[in-house]
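Here is the structure we will look at, set down as C-alpha cells.
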Amino acid sequence: MESANAERQAWMGLLAKAPPGRAAGLLDAAMARPAFAWLRAPETGSVMVRGRAGATGAPFNLGEMTVTRCSLRLGCGTVGHACLQGRSKPDAEAAALIDALMQTGAAAALRTAVLDPLAGERDAARRSRASKAAATKVDFFTMVRGDD
Amino acid sequence: MYVAVKGGERAIGNAHAWLEEERRGDVGVAELSVAQIRGQLALSVNRVMAEGALHDPDLAALAIKQARGDLVEAVFLIRAYRTTLPRFGAAQPVETAEMACDRRISATFKDLPGGQVLGPTFDYTHRLLEFRLAAEGGTPEAAPENPAAPEPVPHVAAFLGRDGLIEPAGDGEAVPPDLTREPLELPACRALRLQALARADEGFLLSLAYSTQRGYARNHAFVGELRIGKVAVEMDIPELGFPVEIGEVTLTECETVNQFKGSKTEPPQFTRGYGLAFGQTERKAIAMALVDRALRWRELGEEFTGAPAQDAEFVLSHADNVQATGFLEHIKLPHYVDFQSELELVRKLRAEAEASA
C-alpha cells in the first residue's frame, strides 16, 4: 500500500508540474479518452503557500497560488483526482483521467506513452537549468604574492 | 467623508473609453501580449505576484497590461481577483533547502558546499544602456552550460548552527495566523510579521532596510545567504490521505547574519533576519530580512531606539501598498460636503478675526 501511494504521489506530482497542455496532448496521442462521470467538476481556487522563519523554524503564510482541482470516476468505478497549479481546467481534467487510468489495466501503456516522456522532459529541463547555473559558479583563485 | 454624487455617468464612461484607447497606444505599433509581458518583463511580474500575494504569472502579466505598467495598480487588481477564489487549503511549508537553485551566493563564506552560483544577475553589469536592445529582432546566444553533477546546497546558517554560533531558527508547528483572514492585530508574532513583510511594498521595505544600515536601529547585517530557484509545493489531499506535489514556485530567500553581543539569558552569538518572496525578487528579500531582524528587538532583549524599522505598529500598518494607495487616493474623490463645511468654518473665523481687529 505504501509503495502504491508513493507511485501515485510520483505521477500526480509529475502531472501537476507538466507544462500547460502537455499531459493532455500525450494522453490523446496514446488513446481515446474513456467515458467518465464528474465527482467534482474542475474548479479553480487558491492554496496558501507557507515558508518557515529562518528556513527551518515556525511556519508562516507567504502568499497564495492559484490551483485547479477535480475528481472523476471511470465507467469501471476507478476514481481519479487532480490538484494542480494554475487555472487550466482542461489540464486538471487530463490529469485526473490519467490518475484514474493509471490504476487500471491501461497503466503500463500510459506509463510508456505519457509519464515516461513527461519525466524525461522534466529531467531535461532541470538539467539544462542546473547546467546554466553551474556555468555561473565562481572559481576563486588566489593571486600568488611575490614576496616570501 | 465623501457623499454619493449623481450625474457623472457619461463623463466616467467616456473617460474609461479614452483610457482603453490610451492603454493601447499607437495602433501602428504591435500590441503587447500577456505572454510577452510574462516572459520579457518577468521581474515586474514577480513583483506583482509578491505584493499581490498570489502566485500566478499569467494573471500578474495580465494585470500589468491592464494597469498600463502601473505596478501598484496591478497589485491592486491581483488582490481584488484573489478575493474571488475559494481557498482549498494550505500547503506544507516549502523546503528551501531542497531548492533547485538558479542563484546562490553568500557574503559571509567564500568557499562553501554548493559554491557561489551567480545565476542570471544584474550584478557586475556596467549599468550602461545597451542600445542594441533598442534594435529589434535579436535572439541572444544560448547561455553556456556546464553539465555538472548536482550537489547539495545546504543552508549557510546550518554551518554556524552546528557550532552554536548562531541562534536556532526556532521551531513549532502552530498554524500561523493569516492576514487575509483576520485583520492585523498588535503586537504581532513573527509569523504574522513575516506574512505582512512578504506582501509589503518593495519601495517601503527598501527604504526602511536602508535606514537600518544607516544606523536607525543598529543591526549590522551580512547576507549569510541569498538563493533563488524553484521549490515544490506539496499539499495534503484529504481524499487521498497523503500529500502530493501540486506545483512548483520560484522563490527568493535571504538569510542575514547579524552581530549580537548577548543578553542576560543568551550568550554572544549571531542572530538572524529572514526574507522570502515569490519570484526572482532579491532586493525585496534582502530588505525583508533586514526589517525582520530590526523588528525582533524585543524578543532578543535589545533596546528600542525609536527607529522606524523597529516600530512594528509603524512598519506593519504602513507597509501594504494597496491599503496605502486606497487611503491616499481616496482624497481625490469628491469631498464637496466636507470641504463646504471647512470653507464655512474658515469664513466664520475670518469674520470673527476681522470683527475683533
Side-chain angles (χ1 to χ4, degrees), chain A residues 2 5-6 8-17 20 39-40 43-69 71 79 81-88 99 122 126-140, chain B residues 53-56 59 82 85-94 96-97 100-103 110-111 115-119 143-148 150 155 157 169-174 176 178 190-191 194-195 198-199 233 235 237 239-240 242 244-249 253 255 272 274 276 278:
Chain A
E2 273 302 303
N5 282 355
R8 195 167 176 196
Q9 253 175 332
W11 78 57
M12 288 185 80
L14 184 60
L15 291 167
K17 290 183 288 192
L39 296 175
R40 176 158 59 200
E43 57 171 343
T44 296
S46 77
V47 164
M48 179 57 87
V49 180
R50 287 180 174 156
R52 290 182 181 280
T56 55
F60 68 96
N61 292 310
L62 175 66
E64 288 159 276
M65 64 192 264
T66 52
V67 169
T68 300
R69 68 180 177 186
S71 302
V79 171
H81 298 289
C83 186
L84 34 103
Q85 182 169 24
R87 288 165 294 119
S88 171
D99 179 49
R122 177 199 60 193
R126 277 187 189 166
R127 261 199 312 276
S128 165
R129 236 180 144 79
S131 301
K132 283 177 187 166
T136 68
K137 188 186 275 191
V138 179
D139 286 322
F140 288 104
Chain B
L54 183 69
H55 190 285
D56 188 315
L59 283 182
R82 188 207 71 79
L85 294 173
R87 173 79 63 83
F88 292 165
Q92 296 178 355
V94 291
T96 54
C101 294
D102 288 347
R103 172 165 167 80
K110 180 166 70 74
D111 297 304
Q116 307 269 358
V117 176
L118 301 181
E145 299 195 11
N146 177 8
H155 277 113
D171 45 24
E173 288 303 324
D178 185 353
R190 191 174 180 204
L194 287 170
Q195 183 184 12
R199 53 201 263 131
V233 178
M235 186 168 80
I237 307 292
E239 293 89 338
L240 297 176
F242 55 82
V244 297
E245 289 179 4
I246 59 171
E248 56 188 357
V249 293
E253 179 185 59
E255 187 141 46
R272 312 150 74 116
Y274 189 67
L276 187 67
F278 284 140

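Numbered from 1 within each chain, the chains take letters A, B, ... in sequence-line order. Here the structure is a predicted model, which is why all the values come from computation and not from measurement.
The contact between Val94(B) and chain A is made by backbone and side chain atoms together, counting heavy-atom distances below 4.5 Å. With a 4.5 Å cut-off on non-hydrogen atoms, Leu194(B) touches chain A through its backbone and its side chain both. Proximity to chain A is absent for every atom of Arg103(B), based on heavy atoms less than 4.5 angstrom apart. Interface residue Ala174(B): only backbone heavy atoms are found under 4.5 Å from chain A. With a 4.5 angstrom heavy-atom cutoff, Arg199(B) does not touch chain A via any of its atoms. For Leu240(B), the part sitting under 4.5 Å from any heavy atom of chain A is the side chain, from C-beta outward, and nothing else. Gln116(B) touches chain A through backbone and side chain together, each having a heavy atom under 4.5 Å away.
Residue with the most contacts toward chain A among Gly170(B), Ala53(B), Pro93(B), Ala169(B): Pro93(B) (heavy-atom pairs, distance under 4.5 Å). For chain B, the option among Leu15(A), Leu14(A), Thr44(A), Thr56(A) with the highest count of heavy-atom pairs below 4.5 Å is Thr44(A). Contacts with chain B were tallied for Arg126(A), Arg127(A), Arg129(A); Arg129(A) has the most, counting heavy-atom pairs under 4.5 Å. For the set Gly115(B), Ala198(B), Pro144(B), the entry with the most heavy-atom pairs within less than 4.5 Å of chain A is Pro144(B). Ranked by heavy-atom pairs under 4.5 Å with chain B, the first of Gly13(A), Ser71(A), Cys83(A) is Cys83(A). Highest contact tally toward chain A, considering only Met235(B), Gln92(B), His155(B), Glu239(B), is held by Glu239(B) [criterion: heavy-atom pairs under 4.5 Å]. Ranked by non-hydrogen atom pairs under 4.5 Å with chain B, the options Gly86(A), Pro59(A), Ala82(A), Ala53(A) are led by Pro59(A).
Using a distance-only test at 3.5 Å, with no hydrogens or angles considered, no donor-acceptor pair links the side chain of Gln85(A) to the main chain of Lys17(A). A donor-acceptor pair is defined here as one N or O able to donate and one able to accept, closer than 3.5 Å; no such pair exists between the side chain of Asp102(B) and the backbone of Gly119(B). Looking only at distances, no side-chain donor or acceptor of Thr68(A) sits under 3.5 Å from a matching main-chain atom of Leu84(A).
Across Arg272(B) and Arg190(B), no two heavy atoms sit closer than the pair O-NH2, 4.0 Å.
Residue Arg50(A) holds its CZ atom at 14.0 Å from CG of Leu276(B), rounded to the nearest 0.5 Å. To the nearest 0.5 Å, atom OG1 of residue Thr96(B) and atom CD of residue Glu255(B) are 8.5 Å apart. Between Leu85(B) atom CG and Arg87(A) atom CZ the span is 9.0 Å, to the nearest 0.5 Å. Of the inter-residue distances, the one linking Glu253(B) atom CD with Leu62(A) atom CG reads 10.5 Å to the nearest 0.5 angstrom.
Figure legend: cation-pi geometry between Arg69(A) and Phe88(B), with NZ or CZ positioned under 6.0 Å from the six-membered ring centre and within 45° of its axis.
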